[in-house]
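Notes for the one structure printed next.
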Protein chains: 2
Amino acid sequence: MERTKPTIIDVARAAGVSPSTVSRVLNGTTAVDAAKAERVHVAVARLGYVPNAFARSLLGHAGRWVGVLVPQLADEFYGRVVTGIEDGLKQGGFQMVCSLGHGERSTEAEAIAMFVEARVAGLVLVSDHVPDRDVLALARARHPIVLVNRVIPELAAHAIRIDNVYSGALATRHLLGLGHTRIAHVAGSLNRTGARERLEGYHLALREHGIARDDRLVFEGDFSEEGGREAMTRALDSADFTAVFAANDRMAAGAIAAIREAGLRTPDDISIVGFDNTAISRFTYPALTTVDYPVTSMGRRAADHLLQLIAGADPPPLPLIQPRLVERDSTCAPGEMR
Amino acid sequence: MERTKPTIIDVARAAGVSPSTVSRVLNGTTAVDAAKAERVHVAVARLGYVPNAFARSLLGHAGRWVGVLVPQLADEFYGRVVTGIEDGLKQGGFQMVCSLGHGERSTEAEAIAMFVEARVAGLVLVSDHVPDRDVLALARARHPIVLVNRVIPELAAHAIRIDNVYSGALATRHLLGLGHTRIAHVAGSLNRTGARERLEGYHLALREHGIARDDRLVFEGDFSEEGGREAMTRALDSADFTAVFAANDRMAAGAIAAIREAGLRTPDDISIVGFDNTAISRFTYPALTTVDYPVTSMGRRAADHLLQLIAGADPPPLPLIQPRLVERDSTCAPGEMR
DNA sequence: TGACCTGCTGAAAAGCTTTTCAAGGAAAGG
DNA sequence: CCTTTCCTTGAAAAGCTTTTCAGCAGGTCA
């Protein structure tokens, strides 16, 4: 019973004109006799004709689609990246096609293969697991590509990411500026570049202030709330400090819970700085001082850059983003009652 | 300099066989002489040939793509829906193509038009603004469609949504069960169906317990944190109650802040129940008792249903979801110290 | 040895739209 | 009134892959 979709030929027959004329009416490429145009419109409406994008694209018309690959969307972070990207693309008349990589190499590879087959005009890859080699192969095949949060030396000009070292130092300097000298760090999984860089920034800031490095103040977590709680529990058991820099907001939230469970107060007894400025940081108690990861605007800039690449322009290299700190209620001077 | 992409004909020429043979090697449809197959593989690799999905799809091969339209992805909620949908689709061998509607009718209409032109195999529409009439037109044109969180009577069998009345009653009954009798409600924007239904559930539960309806205990918010804080401030000024049911977690978080600012404690002085079970509810202090909106699994079921529609099956109607309550630390019996 | 089957291969058609080319008619100008 | 030009239109080709059909070679069976 599956009636097949009407084609431009059916419309032409119904309107008593040639397919070329129908095409012209629909695309407005050439003037067409008003009466015929009207007949075409009527026929289109009556038959429910929708031009076949495949046939059109087959003509070599550049697709107006851009592929976007993100690891996941279950938490807010990547959703905000995608929002920025989509905004930029839409502005330029492109549509986003978004796929999830789930942090698995094979899944990501499949998604990218689909994009390539679909002849997308360009690609945005957000911090994915596909090996550098494959990404470079894509780039060499003249696919416009922009990377978010990933370093591949050859593509550095087309990668936008946050300056993690600077950011880690920024958070730590804030605590140092308040007068803290014993500052712990709840790190992310140290097999992740970002986590290592934030740790490096933490060390950098301490060194600037002439404070000796003490690895017993660094506790590795896994970017999860539970990991943060657990790392902080270990910290409270084994070390002596008045402030903590946590490598993301989730862990900071877990750390706050651990501090409370230990019968201490934030920030009175222990100040804490998070990282990301996700919704979480507004809802913890006390509200979290954190590093603002300007993730939506980074997505936006990635999209703008990509549009230029697609247009054949040679845009200036994408910058390393230096974020700012958002002060809320989880930090104060040591010993100060607040 | 833009070298055009190699076609199957180029590969055939390079391998010294016909295009048909190349197609057969690549798709494995028919046995091919091993030596020739090898030559084809070599040629494909050397030329970097990628089959053109448009040409393939033009043959009427059903596309393996499904269009998904969501309002936005900037907060966690829709991200989780999408995660569930994508999971289900991938399971069935389909790829998700996701677009954002931004709650605007024209944007949504454009996205849907793109999906239709791309000949997606089906559509999942999440709570969108396109008028019923247009959705019905799509359905009549034999597009498999599943709706999430939206009621269109003619498509009720293909719509999955939460039972808001039941849910509102569930939250309220929990408070009643603890012994509360003066229970306030911080409602969502009452021009939204969901908000009105939750309010209805609240009234229903009170009636069950023989408690007279008192409209002075209902305060309209706007689903935002700030709206919740403000509604709760008004509530504390004007009414007398020992518990609150807030129509979502964001407003509940705002309400908790307002309670704290008023010098009261949660749950000792005022118990509070939220709605959604988003990450927020784990991070507030005290952690929020809330209605678990099983949003990922709903997305998953929507996808499964759609896959059946695409396969031409006639799946059983999608259910109205009755969620369960997640008890955390924001509720206790009135007067009880906790 | 001849008829028949099997396995592999190439030619050609189908699928739908856009665009180029050529032609027809009408209008304008001499 | 004839020629030139412009406007509109239809025919046909291009774009790329899959699939059907027919053919060919080699082997099998009687």
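Just so you know, these numbers come straight off a predicted model, no measurement behind them. Below, chains carry the letters A, B, ... as their sequence lines are ordered, and counting in each starts from 1.
- Remark: A:Lys36 in residues 34-53 of chain A come within less than 4.0 Å of DNA chain D through at least one heavy atom.
- Considering A:Glu104, A:Glu110, A:Arg105 in turn, A:Glu104 is the only one that fulfils the side-chain hydrogen bond (donor to acceptor under 3.5 Å, both in side chains) rule with A:Thr107.
- Dashed line: the shortest gap from a side-chain N or O of B:Thr21 to OP1 or OP2 of C:dG10 is under 4.0 Å.
- For the residue pair B:Ser23 / B:Ser20, no side-chain donor-acceptor distance below 3.5 Å is found, with atom types taken as modelled.
- When the local axes at the two ends of the helix from C:dT1-D:dA30 to C:dG30-D:dC1 are compared, using 5 base pairs at each end, they differ in direction by 50° after rounding to 10°.
- A:Arg119 is not listed as a side-chain neighbour of A:Ser57, based on a closest heavy-atom distance of 4.5 Å or more.
- Regarding A:Asp10, its CG atom lies at a distance of 11 Å from the P atom of C:dG15, rounded to whole Å.
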Pair B:Glu108-B:Asp134, side-chain contact (heavy atoms from CB on, under 4.5 Å): steps then yes or no: CA-CA 11 Å; B:Glu108 296 190 343; B:Asp134 296 359; over 6 Å; no
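- Salt bridge annotation for B:Arg150-B:Asp132: present, with a cationic side-chain nitrogen under 4.0 angstrom from a carboxylate oxygen.
- In this pair, B:Phe77 and B:Tyr293 present their aromatic rings perpendicular. The plane angle is above 60°, beyond the 30 to 60° band.
- Place B:Ala31 and B:Ala55 on DNA chain C by their nearest nucleotides, and B:Ala31 ends up nearer the 5' end.
- Nearest heavy atom pair, residue B:Ala43 against residue B:Ala14, reads CB-CB, 4.0 Å.
- Regarding A:Asp33, its CG atom lies at a distance of 14 Å from the C1' atom of D:dG10, rounded to whole Å.
- Computed from coordinates, the B:Phe54 CZ to C:dT18 P distance equals 14 Å when rounded to whole Å.
- For A:Leu58 and D:dA14, the CG to P distance is 13 Å, given to the nearest whole Å.
- B:Lys36 places no side-chain N or O within donor-acceptor distance of the main-chain N or O of B:Thr21, the cut-off being under 3.5 Å.
- Across every non-hydrogen atom of B:Leu58 and A:Leu58, the tightest pair is CD2-CD2, 3.3 Å.
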Contact list (N/O, under 3.5 angstrom) for nucleotides 20-25 of chain C vs protein:
none

Pair up each side-chain donor or acceptor in residues 299-318 of chain B with any protein partner under 3.5 Å, not counting sequence neighbours, and list the distances.
residue: B:Arg300; atom: NH1; partner: B:Asp87; partner atom: OD2; Å: 3.1
residue: B:His305; atom: NE2; partner: B:His158; partner atom: ND1; Å: 2.8

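- Protein atom CG of B:Asn27 is 13 Å distant from nucleotide atom C1' of D:dC16, rounded to whole Å.
- Within the structure, side-chain hydrogen bond (donor to acceptor under 3.5 Å, both in side chains) pairs that include any residue of residues 38-48 of chain A do not occur (at least two apart or interchain).
- Here the nucleotide nearest the side chain of A:Arg56, chosen from D:dT18, C:dT18, D:dT9, is C:dT18.
- A:Val32 comes within 4.0 angstrom of sugar-phosphate atoms only, judged by non-hydrogen atoms across all strands, and of no base.
- Among the atoms of the strands shown, base atoms are found under 4.0 Å from some heavy atom of B:Ser23.
- Rounded to an integer number of Å, the gap from CD1 of A:Ile8 to P of C:dG15 is 16 Å.
- Here A:Thr296 pairs with nothing under the side-chain hydrogen bond (donor to acceptor under 3.5 Å, both in side chains) rule; sequence neighbours left out.
- Checking D:dT8, C:dG15, D:dA14 against the side-chain heavy atoms of A:Leu59 singles out D:dA14 as nearest.
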